[in-house]
Undergrad: 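Can you keep this structure in mind? I'll have questions shortly.
Everything numeric in this text was worked out from a predicted model, so none of it was measured. Sequential numbering from 1 along the given sequence is applied to the chain's residues.
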Amino acid sequence: MKPLNIEEFLIWYFILFTYVIYALGLLFPATALLAWVLFFLVIKRSKSICVSWRLWMWCICMVVILFATYMGIDDFKLGANAQLRGTLGWLTTSAVFALFILSGCLNIRPQLIYRAVCILCLQSLVAIPITFIAYQLNLPDILYSSPVERFIQNGPIFYQVGFYAIDYDTQSLRLFLFAPWCPALGLIGNIYFFLALEEKNRFWRYIGIIGAVAMSIVSVSRSAFVALPVVLVLTWLLRNLFKPKIQVISGLVCFFSGIFSTNLLELFKNTSEEFSSSRASSSRVRSALVRIALDRWKEAKIWGHGTQDPGPKVVANLPIGSHHTWAGLLFAKGATGFLAFMLPFVISFFDLALKSYTSKVAKVSLSVLLVLLIFSFGEQVDILGYLCFPGLILIGMGLQEQPSYFTTINPCHAERSEASHKYRNVL
């Protein structure tokens, strides 16, 4: 497996050298730079590429989020410095999220991303015991922080390099490897799992799956434990929803669920309580952050507050608007930012669900999108695009594809789709 063009070269070696870039404390800004380089490649080749409107929709909606940021900061008179920081933050978060999706229109083979991710999973299998040894030797959990943060000023946690973390609730060991915090590693592990499933080489497929599951386990992320089996079931169900047997079984399940609804509701309630009590302090803080964010959203319903505010002691001084994508968008970007992120998300879901019947790329893209959806209720996935960019590129590939019955309507896309299909099967 070798890169065949500049975009594949950049993505291939960037994934392979993820740990090296992380060790330099440059993973966050370097990934953002990669997104913008790929964007310029898209612009350069725009005359030869029929870019789907779905990809441009993501970019336009992210520009709307930037506008909401400006308006929120202006409404609260936060000053020019806040405007500058808001712009820099947008260039490295929301914009990056959309630009990697847009990059899916480039000539990038899915199999190249699958193989690169599997190799990174192998590196993680080597890194995990090293972090455990560091913990046993009582080495510092955080080694150092990159000075680059002083220029971007979006939080030192994105530039810290370390080995492990100790959970403040259970005092247990948790790993974050090259992620900024532990649940983010669980998000990456889940996404990499579904990418590794599509690797054709059996050896690398097993390595990728084992490594991705290991990353999810050592993160001790409850969302990771829930998302993996749920997304597996949901993806299979959505791809087979219109089969007669599945419809009959679904009808029977709904029928018996209605009969035993009381018992099922009680089981669900008990399971939810056990899920929350497993890390009670974390659940309490996250719940409080959401309540405060939704309550203070009333202060600026349209444009939001423009930025996150420091939280009180009851939420461990964590920023208001963090740890929840949708509540965070409502607080910081208002209803405008919330809808600007939700609209392309919903359209992408239905588009990929439709295409997943006939396209393997769309099936993988749908799984990645479902993982992001589940994690969005406990993480700010809109700022973690730099971590899960292989999955975002796959989403872009899925959105770029057209169902077979559209190819006769759009000859330009038909020609592009056929050429891209032949190109991507070159190994």
Undergrad: Kindly indicate whether the side chain of C388, heavy atoms from C-beta on, has any atom under 4.5 Å from the side chain of Y192.
TA: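 C388 vs Y192: side chains apart.
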Undergrad: Taking all non-hydrogen atoms of both residues, which atom of A68 and which atom of G337 are closest, and how far apart?
TA: CB-N, 4.3 Å
Undergrad: Report yes if the side chains of M1 and L112 come closer than 4.5 Å at any heavy-atom pair, otherwise no.
TA: yes
Undergrad: Between the main-chain N or O of T325 and the side-chain N or O of S376, is there a donor-acceptor pair closer than 3.5 Å?
TA: no
Undergrad: Less than 4.5 Å apart, any side-chain heavy atom of S348 and any of L399?
TA: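 In short, these two side chains touch, coming nearer than 4.5 Å.
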Undergrad: Test side chain to side chain donor-acceptor pair (under 3.5 Å) on Y386 and T93 and set out the steps.
TA: CA-CA 7 Å; Y386 82 100; T93 55; over 6 Å; no
Undergrad: Rounded to the nearest 0.5 Å, what's the gap from CG on L237 to CG on L232? Could you check?
TA: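 Answer rounded to 0.5 Å: 12.5 Å.
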Undergrad: Centroid separation under 6.0 Å, is that true for the rings of F389 and F14?
TA: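 That pair passes the under 6.0 Å test.
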Undergrad: Is there a side chain to side chain contact (heavy atoms under 4.5 Å, CB included) between W204 and Y114 once you walk through the steps?
TA: CA-CA 9 Å; W204 284 114; Y114 302 152; over 6 Å; no
Undergrad: Do W12 and K2 make a side-chain contact, defined as non-hydrogen atoms from C-beta onward lying under 4.5 Å apart?
TA: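 SC-SC contact between W12 and K2 ruled out.
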Undergrad: Whether the side chain of S287 engages the backbone of R284 through a donor-acceptor N/O pair (distance < 3.5 Å, no angle test) should be reported.
TA: no
Undergrad: Given the side-chain rings of W36 and F39, with only the six-membered ring counted for Trp, is the space between their centroids under 6.0 Å?
TA: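 Ring centroids of W36 and F39 are less than 6.0 Å from each other.
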Undergrad: Quick one: does R174's side chain have a donor or acceptor within less than 3.5 Å of a partner on D167's backbone?
TA: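 No.
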Undergrad: Return the minimal non-hydrogen interatomic distance between S94 and I65, and the atom names on each side.
TA: OG-CG2, 4.0 Å
Undergrad: Hey, do the aromatic rings of F176 and F163 have their centres closer than 6.0 Å?
TA: no
Undergrad: Tell me the closest heavy-atom pair linking S216 and N190, and the distance in Å.
TA: OG-ND2, 3.1 Å
Undergrad: Do Y22 and F178 make the cut of ring centroids closer than 6.0 angstrom?
TA: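 Not under 6.0 Å, so no.
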Undergrad: Taking atom CZ as the centre, does F76 end up with more than 12 heavy-atom neighbours from other residues, nucleotides or ligands that are less than 6.0 angstrom away?
TA: yes
Undergrad: Quick one: are T235 and L370 in side-chain contact, heavy atoms under 4.5 Å?
TA: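 T235 vs L370: side chains touch.
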Undergrad: Could you tell me whether a side-chain N or O of D74 sits under 3.5 Å from a main-chain N or O of Y70, the two making a donor and an acceptor?
TA: no
Undergrad: Quick check: do E7 and L10 have side-chain heavy atoms less than 4.5 Å from each other?
TA: no
Undergrad: Give a yes or no on whether the backbone of G398 and the side-chain of K355 come within a donor-acceptor separation of less than 3.5 Å.
TA: yes
Undergrad: Just by distance, no angles: are the side chains of T69 and W90 close enough, under 3.5 Å, to form a donor-acceptor pair?
TA: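 Not at all, the side chains of T69 and W90 share no donor-acceptor pair under 3.5 Å.
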Undergrad: So, does S359 use its side chain to make a donor-acceptor pair with the main chain of S356 at under 3.5 Å?
TA: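 Such a contact is absent between S359 side chain and S356 backbone.
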Undergrad: Between the side chains of S52 and Q400, is a donor N or O closer than 3.5 angstrom to an acceptor N or O?
TA: no
Undergrad: How long is the gap from CG on D351 to CD1 on I395, to the nearest 0.5 Å?
TA: 11.5 Å
Undergrad: Applying salt bridge (Lys or Arg N to Asp or Glu O under 4.0 Å), run through E198 and K360 and close with a yes or a no.
TA: CA-CA 8 Å; E198 301 303 315; K360 289 186 177 181; 5.5 Å; no
Undergrad: Keeping Q308 on the side-chain end and P319 on the backbone end, is there a donor-acceptor pair under 3.5 Å?
TA: no
Undergrad: Nearest 0.5 Å please: distance from the CZ atom of F331 over to the CG atom of L289.
TA: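 That separation rounds to 10.5 Å.
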Undergrad: What pair of heavy atoms forms the shortest contact from G208 to C121, and how long is it?
TA: O-SG, 3.5 Å
Undergrad: Are the side chains of H305 and K333 in contact, using a 4.5 Å heavy-atom criterion?
TA: no
Undergrad: Can you find a heavy atom in the side chain of P180 that is under 4.5 Å from one in the side chain of Y159?
TA: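 They are not in contact (no side-chain heavy atoms under 4.5 Å apart), so the answer is no.
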Undergrad: Which heavy atom in P390 sits nearest to a heavy atom in I15, and how many Å separate them?
TA: CG-CD1, 4.0 Å
Undergrad: When you measure from the side chain of E8 to the backbone of R109, do you find a donor-acceptor pair of N or O atoms at a distance under 3.5 Å?
TA: yes
Undergrad: Can you tell me if T307 and R85 form a side-chain donor-acceptor pair at under 3.5 Å?
TA: no
Undergrad: Can you see which heavy atom on A179 is nearest to which on L185, and at what distance?
TA: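 The pair with the smallest heavy-atom distance is CB-N, 3.7 Å.
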Undergrad: Between atom CD1 of I119 and atom CG of L122, what is the distance when rounded to the nearest 0.5 Å?
TA: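 Those atoms lie 8.0 Å apart.
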Undergrad: Give every residue pair that meets the ring pair (Phe, Tyr, Trp, His ring centres under 6.0 Å) criterion with at least one member in residues 283-303, sequence neighbours excluded.
TA: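 Sorted pair list: F67-W303.
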Undergrad: What is the distance from atom CH2 of W58 to atom CG of L102, rounded to the nearest 0.5 Å?
TA: 12.5 Å
Undergrad: Show the numbers, then the answer: is there a side chain to side chain contact (heavy atoms under 4.5 Å, CB included) between I292 and R296?
TA: CA-CA 6 Å; I292 295 173; R296 292 194 57 191; 4.1 Å; yes
Undergrad: What pairs meet the salt bridge (Lys or Arg N to Asp or Glu O under 4.0 Å) rule with one or both residues in residues 375-398, with sequence neighbours excluded?
TA: R286-E379
Undergrad: Is a side-chain donor or acceptor of Q123 paired with a backbone partner of L16 at a separation under 3.5 angstrom?
TA: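 The answer is yes, because a donor-acceptor pair under 3.5 Å joins these two groups.
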Undergrad: Would you say T336's side chain and I302's backbone share a donor-acceptor pair under 3.5 angstrom?
TA: yes
Undergrad: Can you tell me how far apart CG (L38) and CD1 (I11) are? Round to the nearest 0.5 Å.
TA: 5.0 Å
Undergrad: What do the steps show when you test F100 against L34 for side chain to side chain contact (heavy atoms under 4.5 Å, CB included), and what is the final call?
TA: CA-CA 9 Å; F100 277 125; L34 173 65; 4.1 Å; yes
Undergrad: Decide if the gap between the ring center of Y13 and the ring center of F9 is smaller than 6.0 angstrom.
TA: yes
Undergrad: Tell me, with the steps shown, if L187 and L372 meet side chain to side chain contact (heavy atoms under 4.5 Å, CB included).
TA: CA-CA 8 Å; L187 170 64; L372 291 172; 4.0 Å; yes
